[in-house]
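One is the number of the first residue; the rest follow in order along the sequence. Ligands are counted one by one from 1 in listed order, and the atoms in each one are counted from 1 as well.
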Amino acid sequence: MSEQQERKPRGWVLSSPPRGQAKPPGPCAMVIFGAGGDLTKRLLVPALYNLACGNLIPEDFAVTGVDLRDQDASEWRESLLDMLRNFVRDKSSEAHIEEINKEAWERLASRMSYVQGDLTKPDLYERLQEHLDQVARDQQTGGNVLFYLAIADRFFATVIDHLGKASLASEDAGWRRVVIEKPFGHDLPSARDLNKRVLSVLKEEQVYRIDHFLGKETVQNIMAFRFANGLFEPIWNRDRIDHVQITVAETVGIERRGKFYEKTGALRDMVPNHVFQLVAMVAMDPPAGFDADAIHRKKADLFCGMESIQPEDAVRGQYGPGVVLGEHVRGYREEPDVAADSNIETYVALRLHIDNWRWAGVPIYLRTGKHMARRSTEIAIRFKQAPFAPFEATPMEQLPPNWLVLRIQPEEGISLQFEVKRPGPVVELAPVLMDFRYRDWFPPEPNVGYETLIYDCIIGDQTLFQRADQVEAAWRIVQPVLDAWGSQIAADFPNYESGSDGPAAADALIARDGGRSWRPVTPPRQEAEK
Ligand code: BG6
């Protein structure tokens with residue numbers, strides 16, 4: 001049997017291109033603040049391990065964990081290895097780690113060291129300085145250091161101040177870069193303050209504001225899809241697009257994060273960061289090149305064109321009890337560390353306008369929520385109807401629309417819905433799908449979503465990171481809604497059942513515009529095929 005027959009792809013093209021020829025980056029040390037935290041164990045170290053498996057960590061590399069916990073390097077390494085073993089045992093884990101590659105793990109683990117200390121105290125930074133000097137001598141890391149702040153956001157500015165005072169941010173002997181996790185501020189004034197403090201110590205080129213959605217292959221692919229094909233860009237505008245719906249539906253609830261969530265809510269947690277990154281990918285103009293500057297410029301232009309969202313264009317929801325994926329679950333107000341009369345939203349739907357030539361008059365509807373019926377992140381683009389339909393059996397108003405759906409997760413792919421003639425003697429139309437699925441073409445790679453992002457920090461590519469003005473623009477756009485929701489006393493919560501598609505008010509928000517409706521949250525393939 002030929003190779004082509006064996007692979008049985010479902011699309012048209014019969015061979016996939018070879019993987020990119022990425023090389024190990026140059027020497028550096030990586031310092032992880034928050035070495036004992038969840039982010040480090042579940043994502044950062046597994047991502048480093050995956051890079052090690054692909055020979056994509058530097059030859060001269062060192063990883064130093066920093067945390068308050070009193071432990072030594074071997075205990076730290078053991079706790080990290082335990083987490084990798086859990087991934088192997090948990091077949092449903094999205095890390096896709098089948099078995100531990102001992103050689104790769106040992107190569108990484110042999111470069112790991114640990115410094116115990118309190119990140120609010122100057123002595124930690126003095127010891128870290130000495131430690132890094134030693135590491136540079138032993139591991140030949142050349143004085144290059146990537147600091148990763150995998151810590152609670154209230155410590156971001158403190159750590160950066162200390163790095164500055166201890167001269168750890170100075171680039172006299174090698175580069176120094178700092179990765180800052182989300183949330184970057186909790187509203188526009190706090191994001192501005194944080195940027196000011198960060199930029200009083202670091203230059204913008206040293207700052208990597210991370211949004212892990214940009215680490216997803218399917219999100220990066222949006223640019224390839226739009227700009228590597230001549231087919232779509234000519235129709236990617238107000239002339240042919242009726243509206244866009246972006247959905248980030250989660251089946252998980254707040255997952256033991258009551259304290260965090262009570263201060264945050266769905267709007268802050270998801271919209272100015274993850275959801276707006278999806279908007280940017282789908283709505284920005286084509287950049288002149290694929291370098292960070294060119295892309296940041298186009299994103300900045302786009303954000304300038306986005307009006308701030310007014311409260312009448314926003315709907316909030318909070319889940320009550322219900323059944324999610326067959327399991328009975330409690331309502332948000334019954335979750336640990338949540339107030340019994342909490343006004344915090346776990347769902348948000350918004351209507352966004354972009355005032356520019358491409359998008360004027362094309363609403364972008366956004367929704368994201370927890371404890372929804374299904375997990376699905378997708379961008380659905382609805383095209384305008386054909387101007388005239390010469391079919392007797394199907395009058396114009398009954399013609400189903402064309403949808404292009406970019407499926408981000410958990411199904412990864414792209415589908416295009418269009419009309420065909422149903423076989424038979426009469427001309428009757430039927431909607432069908434042209435469907436691309438990643439897994440039909442590319443074997444699943446072990447990937448936790450941080451591999452590319454970490455690799456890019458080490459090679460100094462800021463394309464997938466956010467510039468200072470971008471985070472501020474994002475907060476500016478949601479600020480009127482934050483203000484309104486923060487000042488209203490009591491919301492009518494809970495207003496959607498766990499396991500549903502969200503509150504009825506969200507349906508009303510979209511129906512207001514000429515009777516539009518949300519697309520049903522895409523069922524997973526197996527369910528749809530039943
Ligand atoms: C995080 C949010 O940033 O993103 C979580 O704090 C959310 O509330 C998560 O669940 C979603 O990310 P992913 O990659 O699981 O879709």
Side-chain angles (χ1 to χ4, degrees), residues 34 37-44 46-47 50 87 90 92-96 149-154 156 179-186 209-222 246-279 281 316-319 324-325 329 332 335-338 344-348 366-372 374-379 406-412 447-454 464-466 471 474-475 478 498 502 521-522 524:
D38 237 33
L39 176 66
T40 304
K41 287 189 184 161
R42 298 176 60 84
L43 296 164
L44 299 184
N50 284 337
F87 282 146
D90 178 5
S92 65
S93 139
E94 284 180 25
H96 298 300
L149 309 191
I151 49 178
D153 60 310
R154 64 181 185 282
F156 291 163
V179 184
I180 307 179
E181 269 289 335
K182 81 174 255 273
F184 195 95
H186 56 267
R209 295 175 195 80
I210 208 164
D211 184 309
H212 81 274
F213 262 45
L214 289 177
K216 296 182 192 292
E217 283 291 347
T218 43
V219 176
Q220 293 166 25
N221 178 54
I222 299 171
I246 299 184
T247 302
V248 183
E250 299 187 282
T251 47
V252 290
I254 54 161
E255 298 179 299
R256 295 174 283 115
R257 295 194 301 161
K259 279 196 187 123
F260 161 80
Y261 215 78
E262 280 285 272
K263 285 189 276 142
T264 312
L267 178 56
R268 285 192 170 88
D269 188 34
M270 299 297 287
V271 177
N273 30 64
H274 306 326
V275 176
F276 278 6
Q277 288 307 325
L278 300 180
V279 175
M281 288 301 213
R316 56 179 165 162
Q318 187 193 76
Y319 60 78
V324 180
L325 305 176
V329 295
Y332 177 71
E335 299 275 16
D337 300 317
V338 168
I344 291 298
E345 79 286 353
T346 58
Y347 175 101
V348 44
L366 314 172
R367 62 178 163 162
T368 178
K370 300 225 178 256
H371 268 185
M372 310 263 304
R374 299 196 175 86
R375 176 167 180 241
S376 173
T377 298
E378 64 181 33
I379 301 170
L406 309 175
R407 293 195 309 265
I408 308 296
Q409 65 184 18
E411 294 277 337
E412 300 180 324
N447 192 338
V448 293
Y450 275 70
E451 290 79 355
T452 307
L453 297 172
I454 295 175
L464 297 177
F465 297 84
Q466 304 193 68
V471 280
W475 283 115
V478 296
S498 285
V521 175
T522 303

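Near Gln409, meaning under 4.0 Å from one of its heavy atoms, ligand 1 places the atoms 13 (P), 16 (O). Less than 4.0 angstrom separates some heavy atom of His274 from each of these atoms of ligand 1: 1 (C), 3 (O), 4 (O). Per-residue contacts place Lys182 under 4.0 angstrom from the following atoms of ligand 1 (heavy atoms of the residue considered): 1 (C), 2 (C), 3 (O), 6 (O). Counting atoms of ligand 1 from 1 in the listed order, those under 4.0 Å from a heavy atom of Lys216 are 13 (P), 14 (O), 16 (O). Every atom of ligand 1 is numbered from 1 in the order shown, and the set under 4.0 Å from a heavy atom of Asp269 is 2 (C), 5 (C), 6 (O), 8 (O).
Nearest non-hydrogen protein atom to atom 15 (O) of ligand 1 is Arg375 NH2, 4.2 Å. The protein atom (non-hydrogen) at minimum distance from atom 12 (O) of ligand 1 is His212 NE2, 3.1 Å.
When each of Asp211, Asp153, Asp269 is tested with Lys182 by the rule side chain to side chain donor-acceptor pair (under 3.5 Å), just one qualifies, namely Asp269.
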### Query
Can you list the steps and then say if Tyr319 with Glu335 is a side-chain hydrogen bond (donor to acceptor under 3.5 Å, both in side chains)?
CA-CA 11 Å; Tyr319 60 78; Glu335 299 275 16; 2.6 Å; yes
### Message
Let's go through Arg375 and Thr251 carefully: what are the C-alpha distance in whole Å and the side-chain angles of both, what is the deciding distance for side-chain hydrogen bond (donor to acceptor under 3.5 Å, both in side chains) to 0.1 Å, and is it a yes or a no?
### Response
CA-CA 5 Å; Arg375 176 167 180 241; Thr251 47; 5.9 Å; no
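Residue contacts with ligand 1: Phe213 is included, with a non-hydrogen atom under 4.0 Å away.
Aromatic ring orientation, Tyr450 versus His212: parallel (interplanar angle below 30°, classes split at 30° and 60°). Between Phe213 and His274, the angle of the ring planes stays under 30°, which puts this pair in the parallel group of the 30/60° scheme.
Geometrically, ligand 1 and Arg257 share a nitrogen or oxygen pair separated by less than 3.5 Å. Note: an N/O pair closer than 3.5 Å links Lys370 and ligand 1 by distance alone. Backbone and side-chain nitrogen or oxygen atoms of Glu250 are examined, and one is located within less than 3.5 angstrom of a nitrogen or oxygen of ligand 1.
Under the 4.0 Å criterion applied to side-chain N and carboxylate O atoms, Glu250 and Lys370 are assigned as salt-bridge partners.
Cation-pi contact between Arg209 and Phe184: present, with separation from the ring centre below 6.0 Å and deviation from the ring axis of at most 45°.
Considering all non-hydrogen atoms of both residues, Glu451 and Asn50 come closest at OE2-ND2, 2.7 Å.
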